Amino acid sequence: MGLANVIGIVLGSGLIITAIITGGFDKIFLFVDVASVFIVFGGAFAALFVGYPVVAILKIHRPIMVTFTAKARDPLKMIEQITALSEAARREGLLSLENHMEEIDTPLLATGIRMAVDGMSPEVVESIMNTKIEALNARHEYGKGLVANLGRYAPAFGMIGTLIGLVLMLADLNPDTIGTGMAVALLTTLYGAIISNLVFLPWADKLGLINDEEMMEMEIIVKGVIAIQSGENPRIIKQKLFMYLPDSEIPVEEEGA
Amino acid sequence: MGLANVIGIVLGSGLIITAIITGGFDKIFLFVDVASVFIVFGGAFAALFVGYPVVAILKIHRPIMVTFTAKARDPLKMIEQITALSEAARREGLLSLENHMEEIDTPLLATGIRMAVDGMSPEVVESIMNTKIEALNARHEYGKGLVANLGRYAPAFGMIGTLIGLVLMLADLNPDTIGTGMAVALLTTLYGAIISNLVFLPWADKLGLINDEEMMEMEIIVKGVIAIQSGENPRIIKQKLFMYLPDSEIPVEEEGA
Amino acid sequence: MGLANVIGIVLGSGLIITAIITGGFDKIFLFVDVASVFIVFGGAFAALFVGYPVVAILKIHRPIMVTFTAKARDPLKMIEQITALSEAARREGLLSLENHMEEIDTPLLATGIRMAVDGMSPEVVESIMNTKIEALNARHEYGKGLVANLGRYAPAFGMIGTLIGLVLMLADLNPDTIGTGMAVALLTTLYGAIISNLVFLPWADKLGLINDEEMMEMEIIVKGVIAIQSGENPRIIKQKLFMYLPDSEIPVEEEGA
Amino acid sequence: MGLANVIGIVLGSGLIITAIITGGFDKIFLFVDVASVFIVFGGAFAALFVGYPVVAILKIHRPIMVTFTAKARDPLKMIEQITALSEAARREGLLSLENHMEEIDTPLLATGIRMAVDGMSPEVVESIMNTKIEALNARHEYGKGLVANLGRYAPAFGMIGTLIGLVLMLADLNPDTIGTGMAVALLTTLYGAIISNLVFLPWADKLGLINDEEMMEMEIIVKGVIAIQSGENPRIIKQKLFMYLPDSEIPVEEEGA
Amino acid sequence: MGLANVIGIVLGSGLIITAIITGGFDKIFLFVDVASVFIVFGGAFAALFVGYPVVAILKIHRPIMVTFTAKARDPLKMIEQITALSEAARREGLLSLENHMEEIDTPLLATGIRMAVDGMSPEVVESIMNTKIEALNARHEYGKGLVANLGRYAPAFGMIGTLIGLVLMLADLNPDTIGTGMAVALLTTLYGAIISNLVFLPWADKLGLINDEEMMEMEIIVKGVIAIQSGENPRIIKQKLFMYLPDSEIPVEEEGA
């Protein structure tokens, strides 16, 4: 996944640089202005400091890491693991799942199976697991909101920078410098638009998609654990959970089941 | 359906080209600029690569295919098939529907009837079918969101291209080239607006409408299967399902029923 | 209702024409440009062809007709008819309502009473009527969405037309024609803004309001039919349904009831 | 409340006029243009005539009156009245509330108590009261929507007026009149922005806030009437209803209760 | 938390001032214009006076205070306090919690425990506590909405000020003053953008986040009180409430529990 990000940002930046160079290789320096970088980035982060507690901003590497390290979810494998557990539970009894705990590397599934083994009622298990899911979802929304806010503030400070540049230029109208003055003024708007549309907004999109995928996996886990606990037929559990997959991803031998 | 798309895009492009030609046939070359095409399309797809996993973008032909191949849903025919099945179930028993399986070419209906024949309880059948519907709806929303994002990023990169063009032009203000410089700069905004409003945004609309139609058909199927399983009177099942149709589409002989 | 529409469009167009004429009667021709009309209307309809099936666009006269012919709902009269039916049902039995069927000219009320007379259970009657209401609401939303999309695409193609005009003008900067060139370029934006804000957007508003009114009437009917079927006291039914009316519209003799 | 409105509009208008006068007292006439007033107000009302039935627009004085006459709700007093009624009901029986009817000047409370005295079941009373609240809420939303639409159409017609002015000016480019032509063209945008942001949009906000306050009072009344009818302990009723108040507004002697 | 606000506003203002000074230290006076300050702030507050009752605006120091004084919530500590109470209740009986009342400094927890001790049924306790939470949430939304409205009106009045300045400048086109006239006109837009994006909008964000944190703590309290009242096992209560925390914040010795 992180690969796509890198491709996207390299591709986008490449296109923009190419577009600039078509106007002449020597003109790339026109587009570099340190003060403009400060206004756009600094301004967006300053707004973030007003709107978020310091600790949250210091943790901004987390949504970055999530984007790069989130492993692709494989709902089919999850369904097969749940079915295997349900078969074991049917064969050897619910308590025997204790012996399968070390095979489970998804924390929510482990939590759910443990609670089932501990003899909690299905309603309590479901409510506890849903609390965890909702709390996780809220934390993900928080991280996504922080990135989306950067995508909202960057163009705003781009416009603020351009307004400052325009006032400076207009106050000293000089036919010789009007062009370069206005060119520099426009740079902050350009920076704000690029950083927002190539980085922050798509990044917020991706955080949302990663969350959606995880939420679906978690829904599968909750349904599966409750079904195991209720002693449902493994074949029916499998059929139920396959409903989360598009027809094309359901293994062929199963479709007729 | 695909026909309407073709008509729309041909009509829209034709109008735009005609508008350009009214300014003189020789001026059409003014509106062609390869670098601008790259900025708008490349930028929008670059943003997509940041926001979506590579596999999802490689599957972009799917929403395209859906738009062109989605068969118009015929809820009336679906209602009649369900009523026929309910009559068979009443006459020959629920199990006899096994013999009608090969007549059913809608996968969800086949799945539902099979589960009913297999003796699952109506609540389980309903919950399984609803899971399938919700998962399908989520996948459709994903595809629609991807297209709508292209419709959101294309104009953004159109503006970015125009800003780059303006900076290049302003840095070298020359009364002789200012006009053509600005004309070229505006092309990316023009491209972004056309591609977004003539292709991506209406296409996202259409994906939404196709989904709505399919969701309604699926709701009819769920209600129908549950009603068959509960052994309801076929006449009442028909009457219930006709409620999904506008009065003008209910066959006349039925309205008095 | 249709009257208000005509008043509105005539008033709005009159104001705009007057505003133009204040600049000199001979200047009205400046604002007429056939190519611009084609870009804005043609473009908006082309986008509609991409986003909607042909059959839906061919039925666009329906939301137009609805706007002009929708009869004002009279919830008070509806409440009185329902109360009268409930009194008849109490006096002569539910089955006697069969004799009142021909007095009922609201289809949903007729459907509901017929189902009650046919001896369906109140839960089934309520669920069937609600299905009809939701399906109708969805169809109304569809029609409203189509009109609102025209209101969204018209200004977009107005801007596209202006960009085309600007490119044509800028590519051939000529102090003598720059003014008229830009004036013509702005016409499409002007057309898009007028058609959207004076016709499409308010028309979509009106379709929404007409739907809201019909939905309220249908809610009254559902509550009324269920109450009749449950054999509730007509006085209490009336009191219940009066709750939908503002105090000022409840007949005086009833308020103390 | 009306006072705040008057303060706001006077303050806002005063600031704007002061801003104009800083440019020279003789320049105020530059900002007065009757045709522009007609375009902005007339256009916004014309759009309203397209989108709303005539009767609704003729009742536009109602939301105006509401804004000026809405009495500040006093939930504390309402809670105390309900507690007093619940004490009377406990002491002398539910039927004795008949003798307290004339002390109740809130129509919903009177309706609720009367229904309780008439012996309707708590579920019916609650459902009837909720119908009234929802219908009232819908009517308030309607009024608020109408005002918010004026706030949406006024700037749109401001822009339309400016476009007309620009076309007139551009078609006859004259170095001597270009400035005044453009100044006049901008007036409609200025009028639209002022009327929308100083009057229509905040007025719609206020209608929403007034509705929120009334809805909370009505929720208190429903909870109170049901509690009285269920014969709950007056002390507990009071404690329950105090939950609607911020801690700082709960009378001190009660907090420890 | 207040610290982050101060950092943000100082950082943002510093960046903006630095950006201005890069144009020359003597140019800072170009950006100071008292009339512009009045238009933007005065206008935004005037709109507030139209939309809000005077008392609400006079209480505007409250959301300011909240931002600076809101103590960071520590859900872990809250969970531990609830678990301790549940152990006490198990050991010594629910009534014994009376002796622990003075250790509880969170008002909602105190209210809930007191009601439990007073012998109210869990359903009543839950419903009363939820009423309090919803009423608090509504009051917080009110305060956030007020600040967000300032963030919406400030740029609007910035634009109004710029339009006034443009009309004044255009009416008296003078090559010598056109630049400074336009520079001054742009100042209100600049002020509106800065105040909105550096202060009002992020401040509204922060009020929302503080509310979210408090709502989560209150949800924990409600679940905890109900669990204590139902005599649930303290170990299970703890496990349930830990679900609100990210795995990384759950004390290590507990995770295996």
Side-chain angles (χ1 to χ4, degrees), chain D residues 1 3-16 18-20 22-24 27 30-31 67 72 175-176 178-187 189-190 193-194 196-199 201-206 208-210 212 216 219 223 232 236 239-247, chain E residues 34-36 38-57 107 111 114-115 118 120 124 127-136 138-139 141-142 145-146 149 152-153 156-157 159-174 178 181 188:
Chain D
M1 277 192 172
L3 189 64
N5 286 4
V6 175
I7 294 176
I9 293 179
V10 168
L11 180 64
S13 316
L15 277 162
I16 289 163
T18 310
I20 289 168
T22 59
K27 286 185 176 153
L30 285 174
F31 290 86
T67 328
D176 294 342
I178 188 170
T180 44
M182 197 147 168
V184 171
L186 285 178
L187 283 185
T189 294
L190 177 61
I194 292 175
S196 177
N197 287 292
L198 191 58
V199 180
L201 293 179
W203 177 14
D205 288 349
K206 172 152 255 173
L209 294 178
I210 292 175
D212 288 351
M216 194 184 90
E219 229 184 288
K223 283 219 174 158
E232 274 183 34
I236 292 184
Q239 198 176 356
K240 245 190 201 174
L241 299 184
F242 273 160
M243 294 296 152
Y244 284 100
L245 303 182
D247 288 347
Chain E
V34 177
S36 299
F38 271 97
I39 293 247
V40 173
F41 276 80
F45 274 92
L48 215 61
F49 270 100
V50 179
Y52 285 83
V54 181
V55 281
I57 302 172
T111 307
R114 172 150 304 283
M115 290 190 296
D118 284 358
M120 291 189 188
V124 172
S127 135
I128 289 183
M129 290 174 89
N130 281 335
T131 300
K132 189 165 193 86
I133 294 178
E134 281 158 30
L136 183 69
R139 283 194 299 276
E141 288 293 335
Y142 186 96
L146 192 151
N149 268 336
R152 194 159 62 107
Y153 289 122
F157 282 90
M159 193 189 81
I160 287 170
T162 296
L163 284 167
I164 293 174
L166 284 178
V167 171
L168 284 171
M169 182 206 80
L170 286 164
D172 183 23
L173 270 188
N174 181 332
I178 187 168
T188 51

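Lettering follows sequence order; numbering is per chain, from 1. These values consider heavy atoms only, across backbone and side chains, with no hydrogens, waters or symmetry-generated copies. All values reported here derive from a predicted model rather than from experimental measurement.
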Contacting region of D:Leu241 [heavy-atom separation from chain E under 4.5 Å]: neither

Pairs of heavy atoms under 4.5 Å with chain D: top-ranked of E:Val124, E:Leu48, E:Leu168: E:Leu168

Heavy-atom pair count under 4.5 Å with chain D, highest-scoring of E:Ile128, E:Val55, E:Ile57: E:Ile128

Flag if over 12 foreign heavy atoms under 6.0 Å of CZ, D:Phe31: yes

Region of E:Met115 that comes under 4.5 Å of a non-hydrogen atom in chain D: side chain

Residue E:Leu170 versus chain D: region with a heavy atom under 4.5 Å: both

Listed partners of D:Lys223 passing salt bridge (Lys or Arg N to Asp or Glu O under 4.0 Å), at least two apart: none

Any residue meeting salt bridge (Lys or Arg N to Asp or Glu O under 4.0 Å) with D:Glu232, in chain and number order, not counting sequence neighbours: D:Lys240

Which portion of D:Ile20 sits near chain E, non-hydrogen atoms under 4.5 angstrom: both

Heavy-atom proximity to chain D below 4.5 Å, by part of E:Thr111: side chain

Which atoms of E:Met120 approach chain D - backbone, side chain, both or neither, heavy atom under 4.5 Å: side chain

Part of E:Tyr153 within contact of chain D (heavy atom distance under 4.5 Å): side chain

